[in-house]
Amino acid sequence: MLYSIRAEQTEDICAIKEVNDLAFGREDESSLIEAIRSSEHFVPQLSLVAETSAGEVVGHILFSKIGIETEGGFVTSLALAPMAVKPDYQQRGIGSDLVREGLGRCAEAGYGSVIVLGHPQFYPKFGFIPASEKKLQGPFDVQDQYFMVCETQIGSLSGVEGMVRYPEAFFNV
Ligand SMILES: CC(C)(COP(=O)(O)OP(=O)(O)OC[C@H]1O[C@@H](n2cnc3c(N)ncnc32)[C@H](O)[C@@H]1OP(=O)(O)O)[C@@H](O)C(=O)NCCC(=O)NCCS
């Protein structure tokens, strides 16, 4: 199946909601996306869709701005969340392509790192490691292996350690 990955456009907003609602079986994640989209944390070129050659949006990934609170002040990073592929299109590599393409675009846009709370079997193949290895703590009560970071620009986290701060909207999911 042919598909391409591109930044979201205004006309994709309903389709993005549908992808997320179907993939998660609830509306919490699409509400999170809407909250981020209307906030200062949104980076329009880092909300990506996978679109088939027939024009159907079948996947979505969002990277949005978060901060790492260090002794020297806040360092900007990105949160990868959420990510979704329509159930009928899962297990074909679309989710992996969205992550790979997304990480490349994050680096091109000048962001040095991406942080994710996610599956420890899925994300390490894209370069994610436990955030604890970089001396980063998160606000979530999970085992270390679920809270991960990827340096999109090598060395960007050298000397950066502290607490990752998420916008309030993340705690409603
Ligand atoms: C996670 C998800 C986006 C993957 O999309 P996909 O197009 O099926 O991904 P790919 O085909 O590239 O890869 C499938 C992999 O996803 C893994 N996977 C399935 N559910 C997953 C989940 N909830 N979180 C992380 N990985 C998951 C599979 O184990 C498989 O791993 P493998 O390649 O080692 O076998 C898709 O399964 C989905 O939308 N799930 C529901 C929403 C969700 O849980 N999103 C992630 C949390 S934000």
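Each ligand, and each atom within it, is numbered from 1 in the order the structure gives. Keep in mind it's a predicted model, so treat the numbers as computed, not measured.
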Is_contact(atom 24 (N) of ligand 1), protein non-hydrogen, under 4.0 Å: yes
Can you check whether a protein heavy atom sits less than 4.0 angstrom from atom 21 (C) of ligand 1? no
Distance from atom 39 (O) of ligand 1 to nearest protein heavy atom, with residue and atom: Val85 N, 2.9 Å
How about His41 and Phe170: do any of their side-chain heavy atoms sit closer than 4.5 Å? no
Report the relative orientation of the aromatic rings in Tyr146 and His119; use parallel for angles under 30°, tilted for 30 to 60°, perpendicular for over 60°. perpendicular
Gly95 neighbourhood, listing ligand 1 atoms whose heavy-atom distance to it stays under 4.0 Å: 5 (O), 6 (P), 7 (O), 9 (O), 12 (O)
For Lys125, is the nearest heavy atom under 4.0 Å from an atom of ligand 1? yes
Which atoms of ligand 1 have any heavy atom of Phe24 under 4.0 Å away? 42 (C), 43 (C), 44 (O), 45 (N), 48 (S)
Is the shortest side-chain heavy-atom distance between Tyr123 and Met83 below 4.5 Å? yes
Contacting atoms of ligand 1, where contact means under 4.0 angstrom from a heavy atom of Gly93: 10 (P), 11 (O), 12 (O)
Test of understanding: with salt bridge (Lys or Arg N to Asp or Glu O under 4.0 Å), list the residues that count as partners of Glu56, not counting sequence neighbours. Lys86
pair Phe128-Phe147: side-chain heavy atoms closer than 4.5 Å: no
Per-atom contacts, ligand 1 versus Ser96 - under 4.0 Å to a heavy atom: 10 (P), 12 (O), 13 (O)
Looking only at atom types and distance, does a side-chain atom of Ser132 sit under 3.5 Å from a main-chain N or O of Lys135, one as donor and one as acceptor? no
Could you tell me the separation between the OH atom of Tyr111 and the CG atom of Leu103, rounded to the nearest 0.5 Å? 14.5 Å
Heavy-atom contact under 4.0 Å between Met83 and ligand 1? yes
Ser77-Ser113 side chain donor-acceptor pair, cut-off 3.5 Å: yes
Return the residue, atom name and 0.1 Å-rounded distance of the protein heavy atom closest to atom 41 (C) of ligand 1. Ala23 O, 3.5 Å
Among the heavy atoms of Ala81, does any lie under 4.0 Å from an atom of ligand 1? no
Is Arg92 close to ligand 1, meaning an N/O of one under 3.5 Å from an N/O of the other? yes
Among side-chain atoms of Gln9 and Glu11, is any donor-acceptor pair under 3.5 angstrom? no
Closest to atom 35 (O) of ligand 1 (heavy atoms only, candidates Glu29, Gln90, Gln91) is Gln91
Shortest non-hydrogen separation from Gln90 to Ala23 and the atoms involved: NE2-CB, 4.3 Å
Please report whether ligand 1 has a polar contact with Phe122, defined as an N or O pair separated by less than 3.5 Å (distance criterion only). no
List ligand 1 atoms under 4.0 Å from His119, heavy atoms only on the residue side. 24 (N), 25 (C), 26 (N)
Is atom 29 (O) of ligand 1 near the protein, in the sense that some protein heavy atom lies at less than 4.0 Å from it? no
